[in-house]
Amino acid sequence: MSSRYNHREVEPKWRARWADAGIDRALAPEAAKDKPKAYILEMFPYPSGRIHVGHSRNYTMGDVIARFRRANGFNVLHPMGWDAFGLPAENAAIEKRVHPKSWTYDNIAAMRAQLKLLGLAIDWSREIATCDAEYYKHQQAIFLAFWKKGLVYRKKQKVNWDPVDNTVLANEQVVDGKGWRSGAPVETRELEQWMFRVTAYADDLLNAIGKLEKWPDKVRLMQANWIGKSQGARLHFDVVGEDRKIEVFTTRPDTLFGASFVALAPDHPLTKEIAAQKPEVAKFIEQCAHLGTSEADIEKAEKFGVDLGVRVKHPFDPNWELPVWGANFVLSQYGTGALYGCPGHDERDHAFASKYKLPILPVVLPPGADAETFNVQAEPFVGDGVAFNSKFLDGLPSREAIARAIKELEKLGAGEATTQWRLRDWGVSRQRYWGCPIPAIHCAKCGVVPVREQDLPIALPEDVTFDKPGNPLAHHPTWKHATCPTCGGKAERETDTLDTFVDSSWYFLRFADPKNDGAPFDKKLAAYWMPVDQYVGGVEHAVLHLLYARFFTRGLRDCGLLDGPANGEPFASLFTQGMVVHETYQSASGQWLLPEETEVKDGARIELATGKPVDTGAIEKMSKSKKNVVDLDAFVTDFGADVARWFVLSDSPPERDVEWTAAGVKGAWGFVQRVWSLVDTHGRAAPKPGDAAPASTNEGDALALRQLAHRAIQHVTDDIEHFRFNVAVAKSYELVNAIARLKGQDEGALFARGEALRILTQLISPFMPHLAEECWERLGFEPFVATAPWPVADAKLAARTTVTLPIQVNGKKRAEIEAAKGAAEADVRDLALAHPAVAQFLAGQTVRKVIVVPDRIVNIVAN
RNA sequence: GCGAGCGUGGCGAAACUGGUAGACGCAGCGGACUUAAAAUCCGUUCGCCGAAAGGCGGUGCGGGUUCAACUCCCGCCGCUCGCACCA
């Protein structure tokens, strides 16, 4: 009999031994000359409080890769840190009357302890928190370098302003147009904001996406769409009877002869100007304001507009006048906030023109269509074709017509070719306390000037209060008083802090050299570790974080702070993992309930406290607000970290969501017990890798187990490489089942079983490191399975000598034959035809064709 | 509305570049052990017909390509995610 596996003793024991031996520390480049490097990183967490089992999946995936690379001889960097600035800390300060700093550091301490429970192979000596002055002082230095390089500038920008709380609101703090806390209607204000010139790299950021081969296509597409490059023309229409022009952008200047109106955004300057005189235009603007700002909202809204009463001249024909409308579907943020409508060849313009009975003219003839009968009254044609009804463009294919139209516009001085980007510069100013202070000084004489580098860090003051609305930095009694670095006169500090996305745009570089006091990081160390070889995180960061980080590596490179990475890309390989989801429970009174506050009794779920039935709701991402979370500490106490790790990687593919269920936990728990019981019962003195196998393993069950074990090495290795953890798990089950089935106690069986147990222990070690160490020790090895070289399959054993070939007749399987691997096609064909079942099926039919796919299948076509 | 992705047993899912659909796990069913239960172990489990051998059907729906389709193509239906009516 074997003893029961006691995770409560085993798990802490091994964590302590790993820590004592320091096996998770990344080696300095000089100490690892013979090893390739592997930088494995999970997106660092915001220290929001406590972690639950849902968070563990992300870190476990990264940990499997990190442990796997280490076993394969890499010098692994697998660090952890805290994205520690942000709004929740200020909210806590206001609601719970605690200081943001102590709230944040308390959370970090709690979450660090929790993460350590998971047994992650993390180099904790490199831990960083972005709210440490030792971190943000370097961020301020980078800001100054960017400023010097022209990547930082100031610009007036619209913000959401809460007139009661006297503060700027994030979009998420605006609920139904009102401030979330004050409930006051939000106003739009223009503030002078600090900007990062992301658009300086628009072309490079877009083009380099093509090189990110190990990123998910989905993320690459989202980034490309976000950057949104379109080639076209900028042109202007002269307003009739006035000395002013309306500028528009178009990607299809070839359709200019199909123009029937010009449309302006509701907040186009001209629209606003006319609204001052015309109540119906003012009313139109008012109506648009109620539409909601999200694009999907605007889209579902019906198109509407108002005739502004202004007319413009067509650039190609001064006698042709077009009406100017205000239209709800024109975006003020894109292009010039104005467009010309060509209803015959654009969906939106068509809908608009149909509604307001504006002319719909066909000017592009689809391939194969007849110019006499083709019309676009019912539906626009948006594809490429040949221009017609278009004077000098007639007969030109769309692409050529575009070029010709642009040439004409340039000749007339009415427009030119241009590239339009959707990407906008990044506004980084936040009027908040808990963020990195922007190192700038406002001097009445000298203007806005940078802080001197030797004066860094500009540290956050700690004696702040949150009882007054607004930015605590702005109303701190002394903090903002400063001396102008240029003229030495009295001046004021900038009180804006940086968007927290700035903090996370370079933290992966700091991990390469986290203790460096004199610089953000040493260039050589960064060059050694970068790029991150495997980045793991949620798809919600597909655009902003990942794009800003790409901007930062380019900016740092051009400021001379970063050498390499070769193509400026911070993350060589990206994996976006699925969430852990769980059922939600609500009491009779509508309160959300924690899973442990309920139980299933007689097939129905009831609330423990009241015994009343519980409403079981949707299966959703684990979140504190819905209380559908399973606390990590309690779970590790009850079942162990390995069970949690194994469970979140079993069953579902890593990119898909996995549902946390009691049944799944039970399965993982059972597997842990089963592995231990096998190892404990049979695992004394397992053969070492390379030990000569006794002759009795050359046949029968012992041979079969050895073959299966060596094939398992190949499968699991390949599965981990390709992020197929769920399949690796399935292969591990198969190996365990096979080991359990082998019953003999002879020399051959002992060898095969011992070897298979050793292989199993190694294969599961990245997934369940504590259990694997305990097994490793039981098998007679030391010091750690974690540092043992990854097993190598014996090619001879793993190779198949015979294959089972299905034989189909007319595509239906009728029999199977065993054939030597690589057998000659003619032999296989004869074998197949000779098979009794096949022969019986073919009776009375003529064989027309026999397809033999070597080592795969035989298909006989007959009738 | 546009873009992307997904749809396989009771459930989570496998299936390499088109080549035995349902590996593996959960749940179920039958059995062993036990005074009993838990735990563990063994067997079984896509549907229909059949005592069995075996046959027929089957990967959201309808077509198509192919010796062969979960996989490729066309058209639908449903779900999920992203968004920016991008002119």
Pairs under 3.5 Å (N/O, protein and nucleotides 3-10 of chain B):
none

Identify all pairs in which a protein N or O lies below 3.5 Å from an N or O of nucleotides 56-60 of chain B, and state each distance.
| residue | atom | partner | partner atom | Å |
| --- | --- | --- | --- | --- |
| B:rC56 | OP1 | A:Arg814 | NH2 | 3.3 |
| B:rC56 | OP2 | A:Arg814 | NH1 | 3.0 |
| B:rG57 | OP2 | A:Lys812 | NZ | 3.0 |

Pairwise N/O distances under 3.5 Å, protein to nucleotides 39-45 of chain B:
| residue | atom | partner | partner atom | Å |
| --- | --- | --- | --- | --- |
| B:rC41 | OP1 | A:Arg674 | NE | 2.9 |

Atom pairs, N/O to N/O, protein against nucleotides 19-23 of chain B, distance under 3.5 Å?
| residue | atom | partner | partner atom | Å |
| --- | --- | --- | --- | --- |
| B:rU20 | O2 | A:Lys813 | NZ | 2.9 |
| B:rU20 | O2 | A:Glu816 | OE2 | 3.1 |
| B:rU20 | N3 | A:Glu816 | OE2 | 3.4 |
| B:rA23 | O2' | A:Glu734 | OE2 | 2.7 |

Detail all sub-3.5 Å separations between protein N/O atoms and N/O atoms belonging to nucleotides 72-75 of chain B.
none

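Applying the 4.0 Å criterion to OP1 and OP2 of B:rG12, one finds that A:Ser652 has every side-chain N and O outside that range.
For A:His715, the NE2 atom sits in a loose shell: 12 or fewer heavy atoms of surrounding residues, nucleotides or ligands are nearer than 6.0 Å.
Glycosidic conformation at B:rG18 (O4'-C1'-N9-C4 for purines, O4'-C1'-N1-C2 for pyrimidines): anti, more than 90° from 0.
Among the heavy atoms of the strands lying under 4.0 Å from A:Phe249 is at least one base atom, whether or not backbone atoms are also near.
Listed by first residue number, the stems of RNA chain B with at least three Watson-Crick or G-U pairs below 3.5 Å are B:1-7 with B:77-83, B:10-12 with B:24-26, B:28-32 with B:40-44, B:46-49 with B:54-57, B:60-64 with B:72-76.
With sequence neighbours left out, A:Glu816 forms a salt bridge (Lys or Arg N to Asp or Glu O under 4.0 Å) with A:Lys813. Under the side-chain hydrogen bond (donor to acceptor under 3.5 Å, both in side chains) criterion, A:Thr336 pairs with no residue, sequence neighbours left out. Residues passing the side-chain hydrogen bond (donor to acceptor under 3.5 Å, both in side chains) test with A:Glu583, sequence neighbours excluded: A:Tyr585. Not counting sequence neighbours, the partners of A:Asp217 by the side-chain hydrogen bond (donor to acceptor under 3.5 Å, both in side chains) test are A:Arg220. In this structure, A:Gln840 has no side chain to side chain contact (heavy atoms under 4.5 Å, CB included) partners at least two apart in sequence or on a different chain. Residues passing the salt bridge (Lys or Arg N to Asp or Glu O under 4.0 Å) test with A:Arg348, sequence neighbours excluded: A:Asp346.
A salt bridge is absent between A:Arg399 and A:Asp254; no separation between the charged side-chain nitrogens and carboxylate oxygens falls under 4.0 Å.
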